[in-house]
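A short worksheet on the structure shown next.
This one's a predicted model, so the numbers in the text were calculated from it and none came from an experiment. Quick note: residue numbers are just sequence positions, from 1.
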Amino acid sequence: IGDYGSLSLSGSRDNYWNQSGYSENWSVNYSKSVRGVTISVGAGLNQIPEHSNDKTFSLTISSTLGDWYGSRNTSVNYSMSGYNSNVQHNIGLNGGFFDDSRMNYSISQGFGNQGQGEDTTSSLGYNANYGNMNIGYGHQRDSSQFNYGLSGGLVLHPEGVTLSQPLSFESANALIDIPGASGIEVANGRIQTDWFGHAIVPNLIPYARNELSVNMATLPSDVEIRKNNAVLIPAKGALVKVPFDAEVGRRALLQLFHQGKPLPFGTVVT
């Protein structure tokens, strides 16, 4: 409905063979965003013959904290849901650290009436160059859980062994080869080359055009890459080697003088 937000309505009425009465299911939802704050409200009614009517309602408010704290990776949300006389509230905070949000976190606290008690969950994850790590904790009225996990990949290839993020044979993968150049960012900065100049980029789309690029800002002073992007169309489950033409060495800037004066432009020096 334009500047006034978004509105959706749905409903149905069902009749049954050899059964009196009918069932109805109706719902309405409305949402609108104002200055980075999104508000959504909804209500529903479900009626079944010879049963009591079930009423549902919900309210959700979410916003990023970038406008106030300069961190667009952080958001806060509140939700309330109701089912007849049961009401559940939940408030949460989630976001990420670093510019690429490779470390992410989530904290939520819920509570409800009718003896539902409290529900607390928290998690912390880190997407590293050579794998992913996560840890979490949850607590309910009658139980609690603690979980942690490590995941990653290992690739054996003619140039050696390279650790990576989790691999999938349903997609495709690329072996970045920049010999002697370590710590160079590829694939939007989430992956870096190892000590030998290798990196694995997983989860490429098979039989489609995939473009890989090198972040030139991360090149050390002794490395020069002539072309910083490559295009490949891999098969499903393939590991495609993607070499980048790089020069590794030292640069020197010479100032030449003859009889105390700089050499004229175009001088041939032997």
Pair V155-L175, side-chain contact (heavy atoms from CB on, under 4.5 Å): steps then yes or no: CA-CA 9 Å; V155 176; L175 169 63; 5.8 Å; no
Candidate pair F57 and M80, rule side-chain contact (heavy atoms from CB on, under 4.5 Å), full reasoning: CA-CA 8 Å; F57 58 91; M80 177 184 65; 4.1 Å; yes
Stepwise side-chain contact (heavy atoms from CB on, under 4.5 Å) check, V214 with I184: CA-CA 7 Å; V214 173; I184 297 178; 3.3 Å; yes
From CA spacing to verdict: side-chain contact (heavy atoms from CB on, under 4.5 Å), N134, N147: CA-CA 8 Å; N134 63 81; N147 61 79; 4.2 Å; yes
With a cut-off of 3.5 Å and sequence neighbours excluded, list every side-chain donor-acceptor pair involving residues 195-206.
{"unit_1": "H198", "atom_1": "NE2", "unit_2": "D177", "atom_2": "OD1", "d": "3.2"}

Which donor-acceptor pairs under 3.5 Å do side chains of residues 234-247 form with protein atoms, sequence neighbours excluded?
{"unit_1": "K236", "atom_1": "NZ", "unit_2": "E170", "atom_2": "OE1", "d": "3.0"}
{"unit_1": "K241", "atom_1": "NZ", "unit_2": "E159", "atom_2": "OE2", "d": "2.9"}
{"unit_1": "D245", "atom_1": "OD1", "unit_2": "R226", "atom_2": "NH1", "d": "3.1"}
{"unit_1": "D245", "atom_1": "OD2", "unit_2": "R226", "atom_2": "NH1", "d": "3.3"}
{"unit_1": "E247", "atom_1": "OE2", "unit_2": "R226", "atom_2": "NH2", "d": "3.0"}

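Checked by atom type and distance alone, the side chain of N113 pairs as donor or acceptor with a backbone atom of V87 at under 3.5 Å. Checked by atom type and distance alone, the side chain of T193 pairs as donor or acceptor with a backbone atom of A181 at under 3.5 Å.
Here the closest non-hydrogen pair linking M133 and L150 is CG-CD2, 3.1 Å. Smallest separation of non-hydrogen atoms from N173 and S168: ND2-O, 3.8 Å. In this structure, S63 and V37 approach most closely via the heavy-atom pair OG-CG2, 3.6 Å. Contact record, Y4 with K32: O-CD, 3.8 Å, taken as the closest heavy-atom pair. Contact detail for T162 and H157: the closest heavy-atom pair is OG1-NE2, 2.8 Å. Taking all atoms of both residues into account, the shortest heavy-atom contact from S108 to N90 is CB-OD1, 4.0 Å.
Within the 4.5 Å cutoff, no side-chain heavy atoms of I39 are placed close to those of V34. Contact of the N84 side chain with the D54 side chain is registered, since non-hydrogen atoms from C-beta on lie closer than 4.5 Å. Using a 4.5 Å heavy-atom threshold, the side chains of Y105 and T74 count as touching. Between V248 and P179 there is no side-chain heavy-atom pair separated by less than 4.5 Å. Using a 4.5 Å heavy-atom threshold, the side chains of N86 and Q88 count as separate. Contact check for Q109 versus T120: side-chain heavy atoms found under the 4.5 Å cut-off. T56 places none of its side-chain heavy atoms less than 4.5 Å from the side chain of N46. Counting heavy atoms from C-beta on, the side chains of I178 and I176 come closer than 4.5 Å.
Applying the side chain to side chain donor-acceptor pair (under 3.5 Å) criterion to S123, with sequence neighbours excluded, gives no partner residue. Scored by the side chain to side chain contact (heavy atoms under 4.5 Å, CB included) test, S85 finds Q114 as partners (sequence neighbours excluded). In this view, F169 satisfies the side chain to side chain contact (heavy atoms under 4.5 Å, CB included) rule with no residue, not counting sequence neighbours. Listed by chain and number, the residues in a side chain to side chain donor-acceptor pair (under 3.5 Å) with Q145 are Q140, S143 (sequence neighbours excluded).
I107 belongs to no multi-residue hydrophobic cluster, having no ILVMFWY side-chain contact under 4.5 Å with any other such residue. Through side-chain heavy atoms spaced under 4.5 Å, either directly or across other Ile, Leu, Val, Met, Phe, Trp or Tyr residues, W17 is tied to no other residue. In this structure, Y130 shares a hydrophobic cluster with L154, L156, V161, L163, the cluster being traced through Ile, Leu, Val, Met, Phe, Trp and Tyr side chains under 4.5 angstrom apart. Residue Y207 is found outside any hydrophobic cluster, as its side-chain heavy atoms come under 4.5 Å of no other Ile, Leu, Val, Met, Phe, Trp or Tyr.
In terms of hydrophobic clustering, with Ile, Leu, Val, Met, Phe, Trp and Tyr side chains grouped at heavy-atom distances under 4.5 Å, Y83 and V41 are assigned to different clusters. Under the 4.5 Å side-chain heavy-atom criterion for Ile, Leu, Val, Met, Phe, Trp and Tyr, L45 and V28 are members of distinct hydrophobic clusters. Hydrophobic clustering, with ILVMFWY side chains joined whenever heavy atoms are under 4.5 angstrom apart, groups V223 together with L212.
In summary, the side chains of S79 and T60 do not present any donor paired with an acceptor at a separation below 3.5 Å, with no hydrogens or angles considered.
Ring-plane geometry between H139 and Y137 is classed as parallel, the angle between the planes falling under 30 degrees on a 0 to 90 degree scale with a further cut at 60.
Within the structure, no pair that satisfies the side chain to side chain donor-acceptor pair (under 3.5 Å) test touches residues 257-270, not counting sequence neighbours. Residue pairs that meet the salt bridge (Lys or Arg N to Asp or Glu O under 4.0 Å) test with at least one member in residues 211-224, sequence neighbours left out, are E224-R251.
Within 6.0 Å of atom OH in Y30, more than 12 heavy atoms from other residues, nucleotides or ligands are found, so the atom counts as buried in its surroundings. Counting non-hydrogen atoms of other residues, nucleotides and ligands closer than 6.0 Å to OH of Y148 gives a total of 12 or fewer.
Exactly one of L124, N94, N127 qualifies for a side chain to side chain contact (heavy atoms under 4.5 Å, CB included) with N104. That residue is N127.
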